[in-house]
Amino acid sequence: MSGYSAPHCGSLRAKDAGRDVELYGWVARRRDQGGLIFIDLRDRWGAIQVVFNQALSPSSHATAADLRSEYVVRVKGVIGQRPSGSENPRMATGEIEVAASELEVVNSSETTPFQIEDPDEPDEKTRLEYRYLDLRRPRMTRMLELRSRVNKIIRDFMDGSEFIEVETPILTRSSPSGARDFLVPSRLHPGSFYALPQAPQMLKQLLMVSGVQRYYQIARCFRDENLRADRQPEFTQLDIEMSFCDEEDVFGLIEALFSKLWHDVLGVDLTTPFPRLDIKESLLRFGTDKPDLRHDLEIADLGHVLAETKAQIFRGALDAGGVVRGLRVPGGRDMPRRDLDELVTVAKGAGGRGMAWLPGSSIDKFLTEAEIAGIKQATGAEEGDLVLLVADRKRKAETVMGLIRQEVARRRKLIREDEWKFLWINPTYLFEEDDQGKLTYAHHPFTRPFEEDMSFVEERPYDVRAHAYDIVCNGYELGGGSLRIYDPAMQERVFQLLGMPLETIRARFGTLLEAFTYGVPPHGGIAPGIDRIVMMLGGTDNIRDVVAFPKTQSMSDLMLGAPSELDAAQLEELHIQVVPPKKPT
RNA sequence: GGUCCCGUGGUGUAGCCUGGCCAAACACGCGGCCCUGUCAAGGCCGAGAACGCCGGUUCGAAUCCGGUCGGGACCGCCA
């Protein structure tokens, strides 16, 4: 028998009592009692206690005396019920143990940089430098298994819905819009570069022209943008595109898929359909496009109430075209000054001007009684409540209030941790303002507008709704997509509204537009992020926990030492000359 | 590009605000010895850090200041 087919340490149970087994694994713990030595032998499936008894097997006992943590060993013995009273209910294998008759040290181990079995998390830096050991920690092994399982459930589900998985290239072409590309120099084409895909967006639409009808791919995507706790430079999407579909088809498919995932992995039955929330309403009431609805705090607009106010901070913001927003904190009158100051720090940390509160923070005296009453009414504040106030440019005020809302909920333990609050952000809007106040597309230029809204596009372009949607859960954006334009006249109209010159359009989207002249079906899609789904199911708030070999915030791989410099010959072959960044003087 | 937090033996922390009692404490781990029912085993003994790095202030710095490197959270960014 090879170790490959040997029983798994962690899978043995009481029913296996009496079996002669040969086990392979790592020494998780060792308890040397003199004539009796216990070790917990760990493999991917768990751990089981092995007993070395000096009286019964002197040679294996002698070898066991030299065992240390993380030694790789082979043990032969017999599974037995533990003596009554010595069972360990905390172990899945706690009713039984292996009475060892033979022990071989397959490989010894140096003392590891951190203890594999220590419940304390080692420093992030150390974990990443020794990621192969970090992944040996049972918590991380479980995450790897979970991710694998999620992938399998997804593939089974998509296959069952008659989707086919198509692989698209990793070496592809730079798309001039969107995020920064990761680029790969071409040896055969001096001065030309491949780009890694930010998403297989154009290719999946082309596959619809190909007649694939139902496409999916568990697709790696690359974006050279700054990292966050839920963002890595390379990540994985469940990329989906389907023909002849409407929004309901997409929603139904995704709701069924998430229901299956949550049911199979967590045993949780989600309520469908998921509620839908207009993006503008979400930004107003929750200060974000990915609201956490596990608590009931809501933001109120106070512009109307304070229209005539003389209070300087509000007057200034409103006159500058900004907004004033308020958040009721139930029972918040007892909030310590220190907490309020920390919320101000949150506001300022997000680039906001600050935060005021009522009653208190010495703004009361600048507000009329009617204004205070109005604020109470608009926010729903009652006796004993506190109202937090932010005055700023609209976008900034929303961001700041959104952060404060979530922070208040967290600190005051208002979040119902056992809930799964899925929702669709839908509808969204076709256009938004760019930095220069010019019209630009909110999603991408193929997003299908609401037909009926196009009648007023000239007068109120920002009110034109789009068939686009994000799926959100507990404050995380789990994915987004849209129905695409397939009518050439509509497409032309949108390009025209965006003021995009013909040659720009042709350069960026020529392939797709040409393909669309050969019989394009109506189509649409969505791309849920698999990393974030696994984060949710795995109960972690950090994407690094669900990626086997992640990058640091500065995009380094501390284990491999990537990125690294290249030698001159490699650079020459690629026709690359490195120009070091100018040192600031 | 910006704001904030962190960096002390192998690991996790304390000390830092209020400089000297700190060549630095505790736990885990590590080395040795003892122990036949332990399971975060236990008992005894022992080794191990001049406090990321550079510079400054000071009679004196892990502690204060500046810079720098590294890790983390967030804003901008991520159509």
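In what follows, chains carry the letters A, B, and so on, assigned in the order in which the sequence lines appear, proteins first and then strands, with residues in each chain numbered from 1. Just so you know, these numbers come straight off a predicted model, no measurement behind them.
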Remember a base hit wins even if backbone is also touched, and classify A/Gln49 as base, sugar-phosphate or nothing at under 4.0 Å, heavy atoms.
base
Partner lookup for B/C39, please. Criteria are Watson-Crick or G-U wobble with both distances under 3.5 angstrom; report none if nothing qualifies.
none
If the cut-off is 4.0 Å, is A/Arg31 near the phosphate of B/U38, judged by side-chain N/O to OP1 or OP2?
no
Whether the side chain of A/Arg228 and the base of B/G72 hold a donor-acceptor pair under 3.5 Å is what I'd like checked.
no
Touch check for A/Glu87, heavy atoms < 4.0 angstrom, all strands: base, sugar-phosphate only, or nothing?
base
Among the candidates B/U36, B/G12, B/C75, find the nucleotide nearest to the side-chain atoms of A/Leu403.
B/C75
For B/A25, the nucleotide meeting Watson-Crick or G-U wobble distances (both under 3.5 Å) is B/U13
N/O donor-acceptor pair, side chain A/Gln115 with base B/G10, under 3.5 angstrom:
yes
When all nucleic acid strands are considered with a 4.0 Å heavy-atom cut-off, which category describes A/Arg82: base, sugar-phosphate, or nothing?
base
For B/A73, which nucleotide in any strand shown is its Watson-Crick or wobble partner with both distances under 3.5 Å?
B/U3
Can you tell which of B/U36, B/C39, B/G12 lies closest to the side chain of A/Asn53?
B/U36
Atom pairs and distances, donor-acceptor, side-chain atoms in residues 107-120 of chain A, under 3.5 Å, two or more places apart:
| from | atom 1 | to | atom 2 | distance (Å) |
| --- | --- | --- | --- | --- |
| A/Thr112 | OG1 | A/Phe114 | O | 2.7 |
| A/Glu117 | OE2 | A/Arg42 | NH1 | 2.4 |
| A/Asp118 | OD1 | A/Asp120 | N | 2.9 |

Under-4.0 Å salt bridge between A/Arg82 and A/Glu95
no
Under 4.0 Å, heavy atoms only, any strand: does A/Ser86 hit a base, just the sugar-phosphate, or nothing?
base
Can you measure A/Asp134 atom CG to B/U11 atom C1' for me and round it to whole angstrom units?
13 Å
Distance, P atom - from B/C74 to B/C54, rounded to whole angstrom
32 Å
Between B/G29 and B/U18 - P atom distance, rounded Å
38 Å
Go through the side-chain N and O atoms of A/Asp531 and A/Gln232 and say whether any donor and acceptor fall under 3.5 Å apart.
no
Quote, to the nearest angstrom, the C1' distance that separates B/C28 from B/G66.
37 Å
Going by an N to O cut-off under 4.0 Å, is there a salt bridge joining A/Glu342 and A/Arg338?
yes
Please state whether the base of B/C77 and the side chain of A/Arg223 form at least one donor-acceptor pair under 3.5 Å?
no
Please state the C1' separation for the pair B/C45 and B/C39 - nearest whole angstrom.
25 Å
For B/G48 and B/U11, measure between their C1' atoms and round to the nearest Å.
13 Å
If we take the C1' atom in both B/G15 and B/C78, what is their distance in whole Å?
41 Å
In terms of side-chain heavy atoms of A/Phe114, which of B/C77, B/U11, B/A73 is nearest?
B/U11
Any base atoms under 4.0 Å from A/Ala442, or only sugar-phosphate, or nothing? Heavy atoms, all strands.
sugar-phosphate
Give, ordered by number, those residues of residues 341-350 of chain A having at least one heavy-atom distance below 4.0 Å to an atom of RNA chain B; if nothing qualifies, reply none.
A/Gly349, A/Ala350
Within the modelled atom types, does a donor on one side and an acceptor on the other bring the side chain of A/Arg29 and the base of B/C39 under 3.5 Å apart?
no
Distance check, C1' atoms only: B/U63 and B/U58, in whole angstrom units.
13 Å
With a non-hydrogen cut-off below 4.0 angstrom, is A/Pro113 in contact with a base, only sugar-phosphate, or nothing?
sugar-phosphate
Can you tell me whether the side chain of A/Glu97 and the base of B/G37 have a donor-acceptor pair closer than 3.5 Å?
yes
For A/Arg13, is there an ion pair with A/Asp16 - N to carboxylate O distance below 4.0 angstrom?
no
Base, sugar-phosphate alone, or nothing: which one does A/Arg127 contact when heavy atoms must sit under 4.0 Å apart?
nothing
